[in-house]
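All heavy atoms count here, side chains included; hydrogens, waters and symmetry mates do not. In what follows, every chain begins at residue 1, and chains take the letters A, B, ... in the order their sequences are listed.
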Number of protein chains: 2
Amino acid sequence: MESEITTEQKIMDAAEHVFLDEGFSGARMQHIADRAGINKAMLHYYFRSKDKLFELVFRHKMKQFVPQIEAALNEANMTFIEKIDRFVLAYLTMLQKNPRLPIFILSTIHRNPELANSIDIKLGAEIIRLMEIEIKEGRIKKVDTHQFMLTLVGMCLFPFIARPIFSKTFDLTPKQYDQLLAERRVHAVQYARAILIGE
Amino acid sequence: MESEITTEQKIMDAAEHVFLDEGFSGARMQHIADRAGINKAMLHYYFRSKDKLFELVFRHKMKQFVPQIEAALNEANMTFIEKIDRFVLAYLTMLQKNPRLPIFILSTIHRNPELANSIDIKLGAEIIRLMEIEIKEGRIKKVDTHQFMLTLVGMCLFPFIARPIFSKTFDLTPKQYDQLLAERRVHAVQYARAILIGE
DNA sequence: AAGTGATTTAACCAAATGGTTGAGGCAAAG
DNA sequence: CTTTGCCTCAACCATTTGGTTAAATCACTT
């Protein structure tokens with residue numbers, strides 16, 4: 001059986017949790033060690049420093065931040081709207097499992113803008129490419145691709161980023177807010193259809 | 001002449017700047033003192049502790065976070081879409097002047113959700129109230145008010161929150177991104193019109 | 001000019017925090 | 001059994017950081 005979790009993995013899991021909750025400067029090495037159920041010295045044994053450990057966690061999370069279905073968008077025999085729907089669905093599904101990911105990535109980059117450059121990631125670039133083709137061939141309206149993507153991605157991410165404040169503003173229970181999130185897909189696709197086709 | 005800036009005010013200004021840049025746990029009292037051009041002890045003389053100082057800054061910024069035009073939405077003789085336009089314009093204008101405000105508020109609340117409760121603020125509540133009336137009287141389509149507000153507010157905030165990552169994704173210069181922000185108003189109102197009226 | 005209360009400063013302190021060390025444990029190889 | 005190389009730990013260290021203190025200075029009143 002190779003199913004036992006290595007110490008290294010236990011540390012990474014704990015580090016992810018703590019860094020996502022507290023951010024880099026709010027996180028404590030002791031806290032990570034406690035959570036991993038090991039001695040603090042082991043953190044440094046496996047990952048030299050807090051910076052190094054954080055960088056690993058950040059890179060790992062950054063990859064998750066970009067939906068992995070972009071490749072699938074090319075093969076399938078779908079209309080553009082259907083592809084949008086797939087994109088939104090995949091993104092929302094991932095976010096349900098990683099609700100704290102967006103604010104972690106964005107606030108980290110906010111405080112350290114170079115990090116955006118250090119990792120080569122183009123969020124939604126494939127959708128934009130497809131969109132330009134659709135426009136050229138006259139199948140959808142002429143819409144600013146950047147504005148559109150910003151809105152589409154924002155529609156997925158923002159409800160997670162702003163959850164605490166909107167829970168209160170709308171006066172919703174956690175269950176009700178989850179319901180709102182579940183219905184987000186429909187609203188996003190409705191937006192896309194209204195803007196791109198106009199029906 | 002009462003135009004001279006008090007020490008208290010100098011501290012507040014410096015504290016706002018540093019807390020907005022670094023967040024609570026990333027900010028250093030020494031850094032704030034340096035920036036205010038005073039001794040570190042004075043911070044504690046005027047504002048007992050880091051927590052107290054932060055709370056003041058946070059409350060102050062939290063008020064800014066909610067557009068102050070909500071009252072104006074009632075008096076004026078405008079269509080609902082025009083009111084939306086006003087709301088978006090006012091919000092975007094404020095954000096241009098305070099581009100770091102959204103991520104500060106949202107990441108702070110993320111790490112300390114009780115703060116959302118400690119301050120009584122309903123972001124966009126007035127729009128929702130008006131929207132319900134419009135729907136009841138059949139002047140706009142039946143649209144989920146929460147979904148709509150989440151999108152509308154997100155359309156204003158998200159471009160500021162995600163600026164670093166989208167600058168890179170879209171490969172835009174700062175000037176080009178500012179241009180994108182300037183055109184945001186039109187796109188947001190276009191969304192509202194498409195969803196609420198369908199034209 | 002002397003007194004009074006608010007303001008400012010340098011020096012200091014205790015706790016927290018990231019990081020290190022050296023000794024020991026433990027499993028596989030010889 | 002002993003060696004070897006990886007793993008684990010308690011104790012320790014240096015620095016940073018929020019916070020304090022006591023003396024000095026300033027502004028204003030009497």
side-chain hydrogen bond (donor to acceptor under 3.5 Å, both in side chains) pairs touching residues 37-49 of chain B, sequence neighbours excluded, are none
By salt bridge (charged side-chain N to carboxylate O under 4.0 Å, His left out), A/Arg111 pairs with (sequence neighbours left out) none
Closest to the side chain of A/Ile38, out of D/dC9, D/dC7, C/dT7, is D/dC9
In short, ring pair (Phe, Tyr, Trp, His ring centres under 6.0 Å) pairs touching residues 109-145 of chain A with sequence neighbours left out are none
In B/S/- notation (B base, S sugar-phosphate only, - none; protein heavy atoms under 4.0 Å), nucleotides 10-24 of chain D written 5' to 3' is B------SBBBB---
Ring pair (Phe, Tyr, Trp, His ring centres under 6.0 Å) pairs touching residues 114-153 of chain A, sequence neighbours excluded, are A/His146-B/Phe170, A/Phe148-A/Tyr191
Whole-Å distance, A/Leu43 CG to C/dG19 P, equals 10 Å
Here the residues of residues 52-60 of chain B within 4.0 Å heavy-atom distance, strictly under, of DNA chain C are none
| task | Please state whether the phosphate of D/dT8, meaning OP1 or OP2, lies under 4.0 angstrom from any side-chain nitrogen or oxygen of A/Tyr46. | result | yes
Rounded to whole Å, CE of A/Met42 lies from C1' of C/dT21 at a distance of 15 Å
| said: Would A/Ile127 and A/Ile84 count as a side chain to side chain contact (heavy atoms under 4.5 Å, CB included) here? Give the steps. | reply: CA-CA 8 Å; A/Ile127 295 275; A/Ile84 298 276; 4.1 Å; yes
Checklist entry - Using a cut-off of less than 4.0 Å, is there contact between a side-chain N or O of A/Thr7 and OP1 or OP2 of D/dC7? => result no
By salt bridge (charged side-chain N to carboxylate O under 4.0 Å, His left out), B/Arg28 pairs with (sequence neighbours left out) none
Residue pairs passing the salt bridge (Lys or Arg N to Asp or Glu O under 4.0 Å) test with at least one member in residues 81-95 of chain A, sequence neighbours excluded, are A/Asp85-A/Arg185
Bend of the helix from C/dA1-D/dT30 to C/dG30-D/dC1 from end-axis comparison, five pairs per end, nearest 10°, comes to 10°
For residues 158-168 of chain A, the side-chain hydrogen bond (donor to acceptor under 3.5 Å, both in side chains) pairs (sequence neighbours left out) are A/Arg163-A/Asp178
A/Tyr45 atom OH is separated from C/dA23 atom P, nearest whole Å, by 17 Å
From CG of A/Asp34 across to P of D/dC9 the rounded distance in Å is 12 Å
The complete set of salt bridge (Lys or Arg N to Asp or Glu O under 4.0 Å) pairs with one or both residues in residues 123-132 of chain A, sequence neighbours excluded, reads A/Glu126-A/Arg129
- For the residue pair B/Phe24 and B/Phe19, categorise the inter-ring angle as parallel (less than 30°), tilted (30 to 60°) or perpendicular (more than 60°). parallel
Residues pairing under salt bridge (Lys or Arg N to Asp or Glu O under 4.0 Å) where one sits in residues 61-73 of chain A, two or more places apart or in two chains, turn out to be A/Glu16-A/Lys61
